[in-house]
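Some notes on the structure that comes next.
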Protein chains: 2
Amino acid sequence: MNVDSSGDRPYRADMPANGQGFLDSYLPYLLRQADQTLSAPFYDTLNHYGVARSEWRVLAVLHELGDLGVKDLANAALSPQPTVTHALRRLEARGLVIRTQGTQDKRQRLVSVTATGKELTQNLINQAKALETDQLAQADDLTDLIAQLKSLTATVEARSQQLAQNATQAG
Amino acid sequence: MNVDSSGDRPYRADMPANGQGFLDSYLPYLLRQADQTLSAPFYDTLNHYGVARSEWRVLAVLHELGDLGVKDLANAALSPQPTVTHALRRLEARGLVIRTQGTQDKRQRLVSVTATGKELTQNLINQAKALETDQLAQADDLTDLIAQLKSLTATVEARSQQLAQNATQAG
DNA sequence: TAAATAAACATTCATATGAATGTTGACAGC
DNA sequence: GCTGTCAACATTCATATGAATGTTTATTTA
C-alpha cells in the first residue's frame, strides 16, 4: 500500500505492495476509492452550480424515474429519508422541484421537477457524461465491471433480505 | 429501474428494466450502491462501538500502514485533512491514538495507535471480515472484480494526474 | 541570511447529515 | 364508527463534515 506523501492528490491513495493487508482487498474500501476518484471532478461541477450532493442524487433519480414519493426517492437516491426531505426543501425553495399532495394516499407527497429543474438536471447529467467519457477513454471495457457490480449488489441484497426474514420469524 | 415501494430496505434500490437510463449505468452510482449494500451491517457495528465512520477509516489505515503523518493518513483514508484531524482529536480523547511531534519535520504529527486502540481496531476488523465472509458466501468469485476496480482507479487517477500536469504547464 | 513562498497541521464556522421523534393519514380488527 | 397499529413524511436537534483560513516550520530565492 503506497500512500504517496509527495504528490498533491487529496481523497485518493494507491495501495499495491506491502503484502496482503486487510484494506487492500476490502471491497467497501475499493468501491469508495473508485467512486471518489471518478466523482472528484464532477463535484467541482456541483459546486459551481451550488448543488449539494444529496440534491444531485435526488434530481438524477427523478430524471431517471419521473415523479416519485419521498420514500421511493430516498431508496433510489441511496439516502436516508430525512436527508432527502431536507434536500427537497432546498430544491423547492429554488424552484427546481414541487411537492404535491398524493391523490390516493394523502400522506404521500409526489415530487416532480419543474422546467427550470429539468434544465439544470440535464446540464448536470451532460457534464457527468462528458467527464466520465473522458475519464474512461483509457480504461478497459466496463460492461463486465458493471455487470459484476449489479450482480454483487443483488446477491448481497438478497442475503440481507433473507436474514431479515429469519429475524422476523424468530421474533 | 425498480424502486420497490413496499419492502423495508432503506439506502438501497434495484434498477433493472426501464430501458437504458442514465443512472442505470453510471459507475459512481453503482459503486456507491454496492458500497452501501455491503457496508450497511457493519455500520451497525460501528454504532455499537461508538465509532464514527471517519474514525474507523483512520483506524483501519493505521492498522494497515502503521504510524503515519496526517496528510498521508488523510490520503489513505479517502478523507479530507480537516475531517481526519477532527477524527484524531476524538480518538485521542478516547485514548485510542496518540500524536507525537515529527522528528525530522516539526510540523508533522506522527499518529500511532495505543494498545487499547489496537484492540478495538482488531475487533472491528474481525467483525468486518466476518460480515463480509457471510455476505459474499453466495457471491461469485471476486478476484476479478477487485482487480478491475484497482485497475479502474489507477487508470482514472493517472488520467487526472495528466490533466493536472497539463494545467500546470499551461497556467 | 533575510525574505518570500510553500507545506503540514489545526481551527473556525457555516452547513449537510441523519437518528430520534413528531404529525398526519391509512387501515385492520372489533 | 372506534381504537390500536402502522406507514409516509416533516421536524428537531446533536453532530460530522469540509471549505476557508490561520499558525508554525521548511524550503527556496534573492
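Values in this document were obtained by computation on a predicted structure and should not be read as measured data. Numbers restart at 1 for each chain; the letters A, B, ... are given by sequence-line order, proteins then strands. Just so it is clear, the values below take in all heavy atoms, side chains as well, and ignore hydrogens, waters and symmetry mates.
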Does A/D134 have any salt bridge (Lys or Arg N to Asp or Glu O under 4.0 Å) partners at least two apart in sequence or in another chain, and if so, which? B/R159
Which residues pass the side-chain hydrogen bond (donor to acceptor under 3.5 Å, both in side chains) test with A/S39, not counting sequence neighbours? A/D35
Under 3.5 Å, side chain of A/T121 to main-chain N/O of A/G117, donor-acceptor pair present? yes
Rounded to whole Å, CG of A/L78 lies from C1' of C/dG18 at a distance of 15 Å
With nearest nucleotide decided by heavy atoms, which residue, B/R109 or A/Q101, maps closer to the 5′ end of DNA chain C? B/R109
Does the A/E64 side chain pair with the main chain of B/F22, one donor and one acceptor, at a distance under 3.5 Å? yes
From CG of B/L88 across to C1' of C/dT11 the rounded distance in Å is 14 Å
In the structure I gave you, are the side-chain heavy atoms of B/L152 and A/L38 within less than 4.5 Å of one another anywhere? yes
Contact residues, residues 42-50 of chain B to DNA chain C [heavy atom, < 4.0 Å]: none
B/T155 side chain to B/S151 backbone, donor-acceptor under 3.5 Å: yes
With sequence neighbours excluded, tell me which residues meet side-chain hydrogen bond (donor to acceptor under 3.5 Å, both in side chains) with B/E92. B/R99
So salt bridge (Lys or Arg N to Asp or Glu O under 4.0 Å) across residues 79-91 of chain B, not counting sequence neighbours, yields B/E55-B/R90
Under 3.5 Å, which N/O atoms of the protein pair with N/O atoms of nucleotides 14-17 of chain C?
| from | atom 1 | to | atom 2 | distance (Å) |
| --- | --- | --- | --- | --- |
| C/dT17 | OP2 | A/S54 | OG | 2.6 |

Mind checking what makes side-chain hydrogen bond (donor to acceptor under 3.5 Å, both in side chains) contact with A/D105, not counting sequence neighbours? A/R107
Grab the CG-P distance between B/L110 and C/dA10 for me, whole Å please. 12 Å
Between A/Q81 (CD) and C/dT21 (P), how many Å, whole number? 15 Å
Rounded to the nearest 0.5 Å, what's the gap from CZ on B/R32 to OH on B/Y26? Could you check? 11.0 Å
Determine which pairs satisfy side-chain hydrogen bond (donor to acceptor under 3.5 Å, both in side chains) with at least one residue from residues 138-149 of chain A, sequence neighbours left out, and list them in order. A/D141-A/T143, A/D144-A/Q148, A/D144-B/Q148, A/Q148-B/D144
Quick one: B/K71 NZ to C/dA7 C1', roughly how many Å, whole number? 8 Å
Would you say the side-chain atoms of B/S160 pair up with the backbone N or O of B/V156, donor to acceptor, closer than 3.5 Å? no
With rounding to the nearest 0.5 Å, note down the distance linking CG in A/D24 to CG in A/L30. 7.5 Å
Is A/V113 close to A/L96 at the side-chain level, that is, under 4.5 Å between some pair of heavy atoms? no
Give a yes/no on whether any side-chain N or O of B/T85 is located under 4.0 angstrom from OP1 or OP2 of C/dC9. no
What I'd like to find out is whether the side chain of B/Y43 reaches to under 4.5 Å of the side chain of B/N47, using heavy atoms alone. no
Please list, pair by pair, any protein nitrogen or oxygen found under 3.5 Å from a nitrogen or oxygen in nucleotides 1-4 of chain C.
none

Compute the bend angle of the helix from C/dT1-D/dA30 to C/dC30-D/dG1 from the end axes (five pairs per end), rounded to 10°. 20°
Interface polar pairs with nucleotides 26-28 of chain C, N/O, under 3.5 angstrom:
| from | atom 1 | to | atom 2 | distance (Å) |
| --- | --- | --- | --- | --- |
| C/dA26 | OP1 | A/K106 | N | 3.1 |

May I ask you to say what A/G102 touches in the nucleic acid, namely base, sugar-phosphate or nothing, with a heavy-atom cut-off under 4.0 Å? nothing
A/L73 CG to D/dA10 P, in whole Å, measures 11 Å
Does B/D67 have any side-chain hydrogen bond (donor to acceptor under 3.5 Å, both in side chains) partners at least two apart in sequence or in another chain, and if so, which? none
